[in-house]
Amino acid sequence: MDYNHKSIEQKWQKFWADNQTFKTAETTDKPKYYVLDMFPYPSGAGLHVGHPLGYIASDIFSRYKRLKGFNVLHPMGYDSFGLPAEQYAIQTGQHPAITTAANIDRYREQLDNIGFSFDWSREIRTSEPEYYKWTQWIFIQLFNSWYNKETDRAELIDTLIAKFETTGSSNIKAEADDEVLSFTADQWKAFSEEEQQRELLKYRIAYLRESTVNWCAALGTVLANDEVINGLSERGGFPVEQKKMMQWSMRITAYADRLLRGLDTIDWPEPLVEMQRNWIGKSVGASVKFPVPQLDTNIEVFTTRVDTIFGVSFVVLAPEHDLVDALTTDAQRAEVDAYIDKTAKKSELDRMADTKTVSGVFTGSYAKHPITGEDVQIWIADYVLAGYGTGAVMAVPSGDQRDYVFAKHFNLPIIAISDSQNIEEAADANKEGRYINSGFINGLTYQEAVDALILKLEELKLGKAKINFRMRDAIFGRQRYWGEPVPVYFKNGLPYLIKEEELPLLLPSVDKYLPTESGEPPLGRAENWKYQDQYDYELSTMPGWAGSSWYWFRYMDPTNEKDFAAKEAVDYWKSVDLYIGGSEHATGHLLYSRFWNKFLKDLGYHNEEEPFKKLINQGMIQGRSSFIYRVLDEEGRGTNTYVSLGLKDQYNTIPLHVDVNIVYNDVLDLEKFKSSRPEYTDAVFVLEDGKYICGTEVEKMSKSKFNVVNPDDIVDQYGADTLRLYEMFLGPLEQAKPWNTNGIEGVYKFLRKVWRLFHDTEGNFHVSEEEPTKAEYKALHKIIKKAEDDIERFSFNTSVSAFMICVNELTELKCNKRAILQDLIIVLEPYAPHITEELWTLLGNDAGTISYASFPKFNPDYLVESEFAYPVSINGKMKMNLPLALDLDNKAVEEIVLANADVQRYLDGKPVKKLIFVKGKIINIVI
RNA sequence: GCCUAGGUGGUGGAACUGGUAGACACGCAGGACUUAAAAUCCUGUUCCCGUUAAGGGAGUGCGGGUUCGAUUCCCGCCCUAGGUACCA
């Protein structure tokens, strides 16, 4: 019997499912290993051939780790709350739960076709009440906590209340809102319940406050910063505006420093680490106050270059800055108002795009320089952003290019502050020289100046060293239906939690999935939906990232009703050892997950500072579109004649997308093309060499470009094992690459060769019990070593090649010895589990046991070669091959090489300066 | 602009810490088997010069450098992809 992928794969997929072969054991005598894929959002389009890339890689790694004796946790689930299901519900009226369930079924079917070793008994869906109960529970913990800077961790709010009751607000070091009150213990106790709650809200990690949000009118919801790209929504590309709203937020900024420090402890791809670093955006500098005596206040600025403070020639506020109104003099009022009006009208997009024109206006007021006491003009300009730092900057034209341009434009003074500065043409920010024009820091170096200035500013109470972060708190509420309800109700306008034992707070039914007439979110439509029949529930739902920010814990203990996961399970599985997924989640999911992980650790629920120890970004698989060229007639109208790529320049043509599924190795299947659409039945072709060659282009995979390839089709034609091997063979895992099937035949041929090693020429199964030869052992141990090394460094494509070499060698040797073949298929099992399982049982082993067999032990002795030829060069040139026995020491090698007649001839009596040895071989002779 | 990754045959890509560049596969060309096709197998395939051959030369984006020896390390530049953007 020849290799029949269909019957083999169906048989084993059924066996594995029926026997729960990949159910993760709860034993603890084996070391654990946790391999996780980023779980998919089940979209209506189903999987295309790009989706499984990462899953195949993680499956190979999981299976490899099982063979290496690890207890492997390799689960899968669905991130099933999300916008598309809701949009679809708005259009069709169908409940998102129904479409989501249907999509999940389709996904599951497609995934099962590929033969993954997921433990499906641990499947989770974020939209199931059993799951989101715990997402809500975590929200409750976040609401019930504050961040204590002294202990550098989150603590229960009770510890804060206790401090308020004993010492008031004075000694509290907390991450909190800016406008917290100062009070004594007695004052606190005298506060009303409402006043106390209002104050505590400013400290909670999940908190409610009025904040400027990214409002997307078209989607009817707010968006997080990472969901906004260039002023447009990530989904749909709709315009996004700034709007003030009461919103739930997460105090992720409290964790900014820990999130940053943690990056040094994890094994993640450098670009991703860099993205998170930039997103967090730590800058070290100082906060400086410029007194405004006439208003009895200060303008506080943030600067990374305090040392340039004597170069300050003006101060600039963002147009939205709170003090602008008070600072504007009557004379300047009209001009300032006009300017504010103009910038307010500009969208975020315009404001970002327009970075070249210099604009700004003088307020008419002056501030005092904190050190010299001189008057400094106060300006407003839109290059200063309200959202960063304090929304105000001290302008140092000599050291900052934007300030320089601004000063030139408005004819403001430019003061050199360093003897090494060249400010003829542009600002010069170097820190090399000694200070000039700088009062008491004249003559000092950069570091000396910074230290002296910080000291001085602290003494004057007009400044201090400060660290600023670019990262903002994360907006947590969405005005949407298909998400987790926030377990909060309102009493007297203040939020209160529902009790933990009342969880889950179920998502109520609504008649429509649109906002109410009064503009409330869809949940406002739910009837009789009140807490204790009287209090209004929070109507916004949680954002998409809520459910995915802790899901790896749930897999550890997916059905637990008492905890998000049992303590023993969490203690055993700890954190994810290997996480595979796309880099598009760099500043979203991957940051929020780290945040929640740290938070849950602070509350003592586990002990791991980081959730994902090692992370691999699989590259996107792009579509490779195929084109045919339709010939145009004299009037430029399309005809039904199509010309092959190589001849198209002889005609006037337009390219048309053609379905890639009827193109093989860029050759169009003419019959399939003709029957694809009625209008093509009579199509005429201009061929080259009897073939129609299509043009190609790399584009995103999408239906409209006819370049979507469904993995089911590949599995049907070549089998899951071929698909798995081929996706790995395509190139390095991390690299983006276009999908094409040009080389898939080679992989399929390889599997057939493997099959034939076990079968005689009549196709009957046959292996020999003879003792293998040296050469056979050598071929086997080469692949054992190579496969092991390659998998450990995630170089799957090179190990597929190595398997091909090995099988070619064994075929050449006509090797059908059990001792060799059995080990070979164990090593191959992670890549091609179905064919190896079949061969494993043909060899007489129990079904379902190959996945837990022992990975063969590599023996280096088999690779030692007794005699071989190798090239020796002279001065890097004139290479020649010399035969040589290797079991010799360097001394002997040296003698033999130098005695060689060819070498002697080349040396021509010249003295040898140096011999270069590599691994006991002379590789080069220097003369 | 800044940050990060990358640039190797007709194609996808190998070369793990500097040591025979182009493994493996596709494609292509030629051949065997076959009435024929499919399948399978064999041979060749970086480029240039050399009638075949023996042989020689060039060659890993470009220009330099270090080294006996550089795809690999260093300096400068060009290009591509991804991220980011008035962040004080």
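Note that the coordinates shown come from a computational prediction; the quantities given were computed from them, not determined experimentally. Residue numbers start from 1 in every chain, and the chains themselves are labelled A, B, ... in the order their sequence lines are given, proteins ahead of strands.
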Side chain of [X] only, heavy atoms from C-beta on: which candidate in [options] is closest?
X	options	answer
A/Met804	B/rA88, B/rA23, B/rA25	B/rA25
A/Asp382	B/rC86, B/rC26, B/rC41	B/rC86
A/Asn742	B/rA5, B/rA25, B/rC26	B/rC26
A/Arg793	B/rA15, B/rA88, B/rA85	B/rA15
A/Thr303	B/rA88, B/rA25, B/rA85	B/rA88
A/Met275	B/rG83, B/rA23, B/rA14	B/rG83
A/Arg756	B/rC87, B/rU40, B/rC24	B/rU40
A/Phe302	B/rA88, B/rC24, B/rC87	B/rA88
A/Arg402	B/rC24, B/rC87, B/rC16	B/rC87
A/Asn278	B/rA15, B/rA88, B/rC3	B/rC3

[atom1]-based separation of [M] from [N] [nearest Å]:
N	M	atom1	result
B/rA15	B/rU66	P	29 Å
B/rG19	B/rU72	C1'	11 Å
B/rA36	B/rG56	C1'	46 Å
B/rG59	B/rA53	C1'	24 Å
B/rG76	B/rA85	C1'	27 Å
B/rA54	B/rU46	P	14 Å
B/rC75	B/rC3	P	14 Å
B/rC73	B/rA29	P	39 Å

Legend entry - Pair A/Thr722-A/Phe750, side-chain contact (heavy atoms from CB on, under 4.5 Å): steps then yes or no: CA-CA 9 Å; A/Thr722 301; A/Phe750 158 74; over 6 Å; no

So what does [X] hit on the nucleic acid, given a heavy-atom distance under 4.0 Å: a base, only sugar-phosphate, or nothing?
X	value
A/Phe729	base
A/Arg472	nothing
A/Lys753	sugar-phosphate
A/Pro732	sugar-phosphate
A/Asp789	nothing
A/Asn468	nothing
A/Gln401	nothing
A/Arg277	nothing

For [N], give the paired nucleotide (Watson-Crick: N1-N3 plus N6-O4 or O6-N4; G-U: N1-O2 and O6-N3; both under 3.5 Å), or none.
N	result
B/rG6	B/rC79
B/rG1	B/rU84
B/rU40	B/rA32
B/rA21	none
B/rU72	none
B/rA54	none

Do side-chain atoms of [X] reach the backbone of [Y] as a donor and acceptor pair under 3.5 angstrom?
X	Y	result
A/Thr253	A/Arg472	no
A/His585	A/Gly581	no
A/Lys737	A/Pro732	yes

Inset, instruction - Verify the contact: side-chain N or O of A/Arg752 to OP1 or OP2 of B/rU40, cut-off strictly under 4.0 Å; return yes or no. - result: yes

Legend entry - 5' precedence on RNA chain B between A/Val393 and A/Glu812 (nearest-nucleotide basis): A/Glu812

Legend entry - Pairwise 5' ranking along RNA chain B for A/Ser583 and A/Leu730, keeping only the more 5' one: A/Leu730

Output the rounded distance in Å from [atom1] ([X]) to [atom2] ([N]).
X	N	atom1	atom2	value
A/Asp400	B/rC87	CG	P	8 Å
A/Lys749	B/rU40	NZ	P	6 Å
A/Glu270	B/rG83	CD	P	17 Å
A/Leu385	B/rU84	CG	P	16 Å
A/Phe750	B/rA25	CZ	P	10 Å
A/Asn797	B/rA15	CG	C1'	12 Å
A/Phe796	B/rA14	CZ	P	14 Å
A/Lys737	B/rA81	NZ	C1'	14 Å

Inset, instruction - Go through the side-chain N and O atoms of A/Glu745 and A/Tyr718 and say whether any donor and acceptor fall under 3.5 Å apart. - result: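 Their side chains do contain a donor-acceptor pair, which is all the 3.5 Å distance test asks for.
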
Inset, instruction - Answer yes or no: does atom CD of A/Glu812 have more than 12 heavy-atom neighbours from other residues, nucleotides or ligands under 6.0 Å? - result: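 Counting neighbours around CD of A/Glu812, 12 or fewer heavy atoms of other residues, nucleotides or ligands fall under 6.0 Å, so no.
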
Inset, instruction - Answer with yes or no after comparing the ring centroid distance for A/Phe469 and A/Trp279 against a 6.0 Å cut-off, counting only values under it. - result: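 So the answer is no for these two rings.
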
Legend entry - A/Phe796 and A/Phe61 aromatic centres sub-6.0 Å: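 A/Phe796 vs A/Phe61: aromatic centres not under 6.0 Å.
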
Inset, instruction - Only one of A/Val315, A/Val324, A/Val316, A/Thr343 passes side-chain contact (heavy atoms from CB on, under 4.5 Å) with A/Ile380; say which it is. - result: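 For A/Ile380, the side-chain contact (heavy atoms from CB on, under 4.5 Å) test succeeds with only one of A/Val315, A/Val324, A/Val316, A/Thr343, which is A/Val324.
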
Legend entry - Anti or syn - B/rG9, cut at 90° from 0: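 Nucleotide B/rG9 adopts syn.
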
